[in-house]
*Asks:* 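Below you'll find the structure I mean.
To find a chain, count down the sequence lines: A is the first, B the second, and so on, and within it residues start at 1.
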Protein chains: 2
Amino acid sequence: MSDRHSTLRTQRRVQTQRAIQAHAVRLFTERGYDATTVTDVAEAAGVSPMTVYRHFPTKEDLVLVDQNGRLVAERIVASAGTRPLVRRIGRALADSAAALTGDGGDDPTAGRGFLLARLRLMISTPALRARHLDNHYALQQAIVDALGDEAADPEAAFRAKVAAGACLAALHTALVRWAEEDGRTELPGVITKALAAAFGDDMADPSGDAGTPDTGRGPSGDTGRR
Amino acid sequence: MSDRHSTLRTQRRVQTQRAIQAHAVRLFTERGYDATTVTDVAEAAGVSPMTVYRHFPTKEDLVLVDQNGRLVAERIVASAGTRPLVRRIGRALADSAAALTGDGGDDPTAGRGFLLARLRLMISTPALRARHLDNHYALQQAIVDALGDEAADPEAAFRAKVAAGACLAALHTALVRWAEEDGRTELPGVITKALAAAFGDDMADPSGDAGTPDTGRGPSGDTGRR
DNA sequence: TACCAACTTGGTAGTCACTACCATGGTGGT
DNA sequence: ACCACCATGGTAGTGACTACCAAGTTGGTA
């Protein structure tokens, strides 16, 4: 029904949503997450606290808003079937990361700089860090679900879940490192190094471009943001 | 200074602490975590809400209270130096898990049953799950710190962090599986299986007893609980 | 025994995240 | 011009959590 009802309404909706999030991350960075109230964010964005809660169910969601899960899952499904799991999953993660570090155009809630600011908050603030890790846990289950018939019996599903969890842990450590380096290095490269450290150096795929990306642009021109 | 001041005071303190936690986990299991207020827990334990907050800084800590981090770190340091990191860390995790699944004697907040109840809550309740994962993240850093001079330069520290994170992710998946099986299987065995699924079957150490433990008792008689 | 210090507990009031419930005004289609 | 929809705003309330302070108890000491 009413597919994208009218662009004007949803456009405004997305616009205020982005404005709220941009002001939120800015204020959180300036004053600290705990020292900033939702009312502060609302005032900065020129809306009422109610509107903030309408767009972001919790204060933490003002920073998190990870919806690249489907992106990763689709990449894994797309990758052909017989290679080891950790390799397929790791490759999908590195490729998706490349797509996220491109510039976001006129969107203030996209691009490398904003991702860095969000990551710094996620790392330094316990509540955000915890929920970010829980998002990774949800992504872990999404990956297993995406494998579908490949992880049919419980034993295979368990192994897939372990592989996905271990890969995501490596990803998280790589993200932390990347943020500590202020994003100066290329994120996909850091991820690949982390995967190699966890599962052996044979993870560095000689037939791919994930290890030494050209400009940081993802394999697809789309940024993956809605 | 005043080392264990007098046993009577600390004994009472530990006693009320255990009582509060036991009632908390019971109520959370019966009524649900979100549907149970801290005041409910306080009333059930026969104390004031203030006292609950004195002993447990947050409502989540009523379920979490993980203090086996040092246990794991010490085991890793104790293990000799040249074997691959994931193997040393994994072994330490499996061994520590064995110590946790023993019976807790008269302590209602120890033993397999209570651990299972806590785990079920941690898995099903988003807030608890998130904070549990964050505890694992803290343990990850503790492991790296424990390695000390073995992870001196940043690159080695990064690899160690990745290894620890991946091992802990495997541990978490194993814990979930163990809880789903209602603790019928032996926890160290599940952990070993998870590590093998993540890092290859050569993780199953033929020279140890971690894969097929005798009775579930840990290698040391002490339960590790204070 | 009398006294003091430390510790544990309890109460009150307040902040803040978050959630109903309802009112209003602008948007888009008919 | 009418109406359905939707985004926004207000009010009141719950619950976690945090000061700030009061009271009783315990342990050691003069």
*Asks:* Where the side chain of B:Lys59 is concerned, which of C:dC18, D:dA16, D:dT8 is the nearest nucleotide?
*Replies:*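 Shortest atom-to-atom distance from the side chain points to D:dA16.
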
*Asks:* Looking only at heavy atoms, what is the nearest atom pair of A:Lys59 and A:Thr36, with distance?
*Replies:*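 Between these two residues, the closest heavy atoms are NZ-O, 2.7 Å.
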
*Asks:* Base, sugar-phosphate or nothing for B:Pro57? Non-hydrogen atoms, less than 4.0 Å.
*Replies:*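 Counting heavy atoms under 4.0 Å across all strands, the contact made by B:Pro57 is with sugar-phosphate only.
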
*Asks:* Using a distance-only test with no angle check, is there a side-chain donor-acceptor pair under 3.5 angstrom linking A:His132 and A:Arg129?
*Replies:*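 No pair is found: no donor N or O on one side chain lies under 3.5 Å from an acceptor on the other.
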
*Asks:* What is the distance from CZ of A:Phe56 to C1' of D:dT8, rounded to the nearest Å?
*Replies:*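 From A:Phe56 CZ to D:dT8 C1': 15 Å.
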
*Asks:* Got a donor-acceptor contact below 3.5 angstrom from the A:Thr16 side chain to the A:Arg13 backbone?
*Replies:*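 Yes, the answer is positive, given that a donor and an acceptor are paired below the 3.5 Å cut-off.
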
*Asks:* Please give, in whole Å, the distance from D:dG9 P to A:Glu43 CD?
*Replies:*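 Taking atom P of D:dG9 as the reference, CD of A:Glu43 is at 12 Å.
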
*Asks:* Would you mind reading off the distance between B:Tyr53 atom OH and C:dG14 atom C1', rounded to a whole angstrom?
*Replies:*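 Distance check: B:Tyr53 OH to C:dG14 C1' gives 14 Å.
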
*Asks:* Distance check needed: C:dC22 C1' versus A:Met50 CE, whole Å only.
*Replies:*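 Atom CE in A:Met50 sits about 10 Å away from atom C1' in C:dC22.
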
*Asks:* With sugar-phosphate meaning primed atoms plus P, OP1 and OP2, does B:Thr58 contact a base, only sugar-phosphate, or nothing at under 4.0 Å between heavy atoms?
*Replies:*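 Sugar-phosphate: the residue B:Thr58, judged by heavy atoms under 4.0 Å, touches backbone atoms but no base.
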
*Asks:* When we call it a touch if two heavy atoms are under 4.0 Å apart, what does A:Arg54 touch: a base, just sugar-phosphate, or nothing?
*Replies:*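 Base contact - A:Arg54 has a heavy atom under 4.0 Å of at least one base atom.
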
*Asks:* Got a second to check how far B:Arg118's CZ is from B:Gln21's CD, nearest 0.5 Å?
*Replies:*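 That separation rounds to 6.0 Å.
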
*Asks:* Quickly work out the A:Asp34 CG to D:dC17 P distance and round it to whole Å.
*Replies:*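 The answer, rounded to whole Å, is 12 Å.
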
*Asks:* Is the phosphate of D:dA7 approached by A:Thr51 (side-chain N or O, under 4.0 Å from OP1 or OP2)?
*Replies:*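 No.
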
*Asks:* Without hydrogens or angle criteria, can the side chains of B:Ser79 and B:Arg91 be said to hold a donor-acceptor pair below 3.5 Å?
*Replies:*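 Side chains of B:Ser79 and B:Arg91: no pair found under 3.5 Å.
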
*Asks:* For B:Tyr33 and D:dG15, what is the distance between atoms OH and C1' respectively, to the nearest whole Å?
*Replies:*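 Going from B:Tyr33 (OH) to D:dG15 (C1'), I get 11 Å.
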
*Asks:* Picking from D:dA16, C:dC16, D:dT8, which would you name as closest to the side chain of A:Arg13?
*Replies:*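 Of all the options, the side chain of A:Arg13 is nearest to D:dT8.
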
*Asks:* Once you round it to whole Å, what is the distance between P of C:dC16 and CZ of A:Phe28?
*Replies:*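 Roughly 13 Å, once rounded to whole Å.
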
*Asks:* Which whole-number value in Å describes the distance from B:Ile20 CD1 to C:dT8 P?
*Replies:*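 Going from B:Ile20 (CD1) to C:dT8 (P), I get 12 Å.
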
*Asks:* Could you check which of D:dA16, D:dT8, C:dA17 has an atom nearest any side-chain atom of A:His55?
*Replies:*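 Per side-chain heavy atoms of A:His55, the pick is D:dT8.
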
*Asks:* Is any side-chain N or O of B:Thr10 closer than 4.0 Å to OP1 or OP2 of C:dT8?
*Replies:*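 No, B:Thr10 has no side-chain N/O under 4.0 Å of OP1/OP2 on C:dT8.
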
*Asks:* Of the options C:dT27, D:dT8, D:dA16, whose atoms approach the side-chain atoms of A:Arg12 most closely?
*Replies:*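 That would be C:dT27.
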
